[in-house]
Participant: 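Quick one: the structure is below, questions incoming.
In this text the structure is predicted, and so the values were computed from the model without any measurement.
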Amino acid sequence: MTDAVVMGADALIHRRDAHERGVTDAEIRRLVATRRWIRLASGVYVPCEAYDAADEYRRHELRARAVLATASPDAVLSHVSAAVLHGLRPWNIPLDDVHIARNRPTGGRRRDGRVLHSASFREVDVADVGGTRVLSPAKTVTDLAATVPFDRAVAVGDQALRNGLVDLDEVRRAVDDMGSHPGRARAARAVRFMCERSDSVGESLSRARMVGEQLPVPLTQVDVFDEEGRWLARVDFLFPEHGVVGEFDGRIKYRRDGVATDDAENVVYREKLREDGLRHAGWVVVRWTWSDLSTPGVLAARLRGGFELAARGPGPVGRFTTGKLTDPVRGSQHRQQPLAL
């Protein structure tokens with residue numbers, strides 16, 4: 001008998017399937033005792049090798065599918081568990097518990113590694129992900145936005161938008177459908193600042209920090225051109241009214257600016273040319289790192305210093321364009337905006 005004989009397409013092994021293949025309960029207990037199989041929920045197992053080789057998100061997915069398989073037929077995966085099933089990688093949201101929801105007004109509880117939510121949802125809010133009932137991407141984003149800190153909600157929402165799982169109109173409608181939910185105002189605030197053009201978790205967190213520090217909300221992922229129409233760079237953030245470019249973490253823009261195959265020395269040189277071009281066009285460039293994001297006040301002080309420096313200069317020239325997050329554009333298909341400072 002091998003694991004593949006009884007393992008389903010989702011890598012899970014159900015006791016009933018094992019029995020149908022002639023595997024007895026005594027053999028199952030021996031497989032668990034010898035760590036050939038790992039028990040994820042009552043009557044649901046996974047081969048040890050598959051579980052050990054999985055990352056934290058895949059492990060959570062396996063546990064979530066196993067827990068739901070033993071839950072009430074009307075239950076669905078929700079919150080962070082639904083996010084993981086939709087292929088999202090939530091930043092700094094604990095994966096210890098599996099979250100499930102049932103459509104009823106009371107009865108929520110936490111027990112044995114699972115959180116049961118009493119929720120209000122319609123069948124149209126339920127998606128089928130590989131045979132597992134999961135709340136829709138829009139409902140998942142708003143549920144998380146109502147329950148996790150602002151920066152984490154913005155980051156997971158940005159990721160869902162960037163991955164094309166949902167659009168902002170759908171998420172806003174999901175907020176409207178929350179009715180008198182106590183977390184509705186909290187969710188609405190997070191949704192207001194979500195952006196499909198955010199290219200990474202670090203950029204999402206940067207924008208969330210700017211909101212928290214009462215800084216202007218910048219444009220995101222902007223193509224900048226000089227006054228003669230030459231493309232200079234795609235920048236992480238642009239504050240056109242202040243003449244400032246913001247760049248998260250200070251590392252080279254390998255993928256976006258096409259320098260991934262160059263050796264380190266050439267990459268650094270090309271990045272210098274990139275920044276020199278921006279400065280020559282009159283932009284003040286402000287950079288920050290992960291460490292700066294984790295230290296309160298650093299990002300705000302750095303950006304405000306950039307605003308002050310730019311205010312003493314002549315201001316930038318040229319134009320910039322914004323659009324969906326794609327490869328850098330050097331033509332005119334995106335919305336173009338001349339500089340009027």
Participant: Taking atom CZ of Arg109 and atom CZ of Arg114, what is their separation to the nearest 0.5 Å?
Facilitator: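 Reported to 0.5 Å precision, the distance equals 9.0 Å.
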Participant: In Å, rounded to the nearest 0.5 Å, how long is the span from CD of Glu203 to CG of Asp158?
Facilitator: 9.5 Å
Participant: Check side chain to side chain contact (heavy atoms under 4.5 Å, CB included) between Asn163 and all other residues, then give those that pass, not counting sequence neighbours.
Facilitator: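 Here the qualifying residues are Leu88, Gln159, Leu165.
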Participant: Any ion pair linking Glu247 and Arg274 (charged N to carboxylate O, less than 4.0 Å)?
Facilitator: yes
Participant: Considering residues at least two apart in sequence or located in another chain, which fulfil the salt bridge (Lys or Arg N to Asp or Glu O under 4.0 Å) criterion with Arg110?
Facilitator: Asp97
Participant: With the threshold set at 4.0 Å, does a side-chain nitrogen-carboxylate oxygen contact exist between Arg133 and Asp74?
Facilitator: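 The answer is no: the pair does not qualify as a salt bridge.
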Participant: Name all residues meeting the salt bridge (Lys or Arg N to Asp or Glu O under 4.0 Å) criterion together with Arg59; count only those two or more places apart in sequence or in a different chain, and write none if there are none.
Facilitator: none
Participant: Report whether Leu95 and Val67 are members of the same hydrophobic cluster (ILVMFWY, side-chain heavy atoms less than 4.5 Å apart, transitive linking).
Facilitator: no
Participant: Mind checking side-chain hydrogen bond (donor to acceptor under 3.5 Å, both in side chains) for Asp177 and listing every partner two or more places apart, or none if nothing turns up?
Facilitator: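 With sequence neighbours excluded, Asp177 shows a side-chain hydrogen bond (donor to acceptor under 3.5 Å, both in side chains) to Arg122, given in chain and number order.
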Participant: Are Leu68 and Leu62 linked, directly or through other ILVMFWY residues, by side chains that come within less than 4.5 angstrom of each other?
Facilitator: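 Result: no, two separate clusters.
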Participant: Please list, chain by chain and in numerical order, all residues satisfying side chain to side chain contact (heavy atoms under 4.5 Å, CB included) with Ser42, sequence neighbours excluded.
Facilitator: Arg39
Participant: Look at Arg209 together with Asp151 and state whether they make a salt bridge at an N to O cut-off of under 4.0 Å.
Facilitator: yes
Participant: Kindly write out the residues that satisfy ring pair (Phe, Tyr, Trp, His ring centres under 6.0 Å) with Phe307, not counting sequence neighbours, or none if the list is empty.
Facilitator: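 Residues passing ring pair (Phe, Tyr, Trp, His ring centres under 6.0 Å) with Phe307: Phe239, His242.
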Participant: Are Asp276 and Arg279 close enough for a salt bridge, meaning some N to O gap below 4.0 Å?
Facilitator: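 Judged by the 4.0 Å cut-off on N to carboxylate O distance, Asp276 and Arg279 do not form a salt bridge.
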Participant: Taking only residues two or more places apart in sequence, or in another chain, which ones meet Arg63 in a salt bridge (Lys or Arg N to Asp or Glu O under 4.0 Å)?
Facilitator: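 With neighbours one apart ignored, the set is empty.
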Participant: Got a sec, which residues hit salt bridge (Lys or Arg N to Asp or Glu O under 4.0 Å) with Glu20, two or more places apart in sequence or on another chain?
Facilitator: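 Glu20 satisfies salt bridge (Lys or Arg N to Asp or Glu O under 4.0 Å) with no other residue.
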Participant: Let me check something: do Leu238 and Leu278 share a hydrophobic cluster, defined by ILVMFWY side-chain heavy atoms less than 4.5 Å apart, either directly or through other members?
Facilitator: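 In one cluster with Leu238: Leu278, yes.
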Participant: Would you be so kind as to tabulate the donor-acceptor pairs closer than 3.5 Å made by side chains of residues 138-147, with sequence neighbours excluded?
Facilitator:
unit_1: Lys139; atom_1: NZ; unit_2: Asp143; atom_2: OD1; d: 3.0
unit_1: Lys139; atom_1: NZ; unit_2: Asp143; atom_2: OD2; d: 3.4
unit_1: Thr140; atom_1: OG1; unit_2: Leu135; atom_2: O; d: 3.2
unit_1: Thr140; atom_1: OG1; unit_2: Ser136; atom_2: O; d: 2.8
unit_1: Thr142; atom_1: OG1; unit_2: Ala138; atom_2: O; d: 3.1
unit_1: Thr142; atom_1: OG1; unit_2: Lys139; atom_2: O; d: 3.0
unit_1: Thr147; atom_1: OG1; unit_2: Asp143; atom_2: O; d: 2.8
unit_1: Thr147; atom_1: OG1; unit_2: Leu144; atom_2: O; d: 3.3

Participant: Answer yes or no: is there a side-chain heavy-atom contact under 4.5 Å between Val224 and Trp283?
Facilitator: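 Yes, close enough: below the 4.5 Å cut-off.
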Participant: Looking at Lys272, is its backbone amide N or carbonyl O close enough to the side chain of Glu275 to form a donor-acceptor pair, meaning the two atoms are under 3.5 Å apart?
Facilitator: no
Participant: side-chain hydrogen bond (donor to acceptor under 3.5 Å, both in side chains) with Arg173: which residues, sequence neighbours excluded?
Facilitator: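 With sequence neighbours excluded, Arg173 shows a side-chain hydrogen bond (donor to acceptor under 3.5 Å, both in side chains) to no residue whatsoever.
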Participant: Using the side chain to side chain contact (heavy atoms under 4.5 Å, CB included) criterion, which residues pair with Asp55? Sequence neighbours excluded.
Facilitator: Tyr57, Arg58
Participant: Should His280 and Asp226 be marked as a side-chain hydrogen bond (donor to acceptor under 3.5 Å, both in side chains) after you check the CA-CA gap, both sets of side-chain angles, and the distance that decides it?
Facilitator: CA-CA 9 Å; His280 184 72; Asp226 67 15; over 6 Å; no
Participant: Asp292: what forms a side chain to side chain contact (heavy atoms under 4.5 Å, CB included) with it, not counting sequence neighbours?
Facilitator: Trp288, Thr289, Val298, Arg302
Participant: Side chains of Thr220 and Ser198: any donor to acceptor distance under 3.5 Å?
Facilitator: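 Looking only at side-chain atoms, Thr220 and Ser198 do not form any donor-acceptor pair under 3.5 Å.
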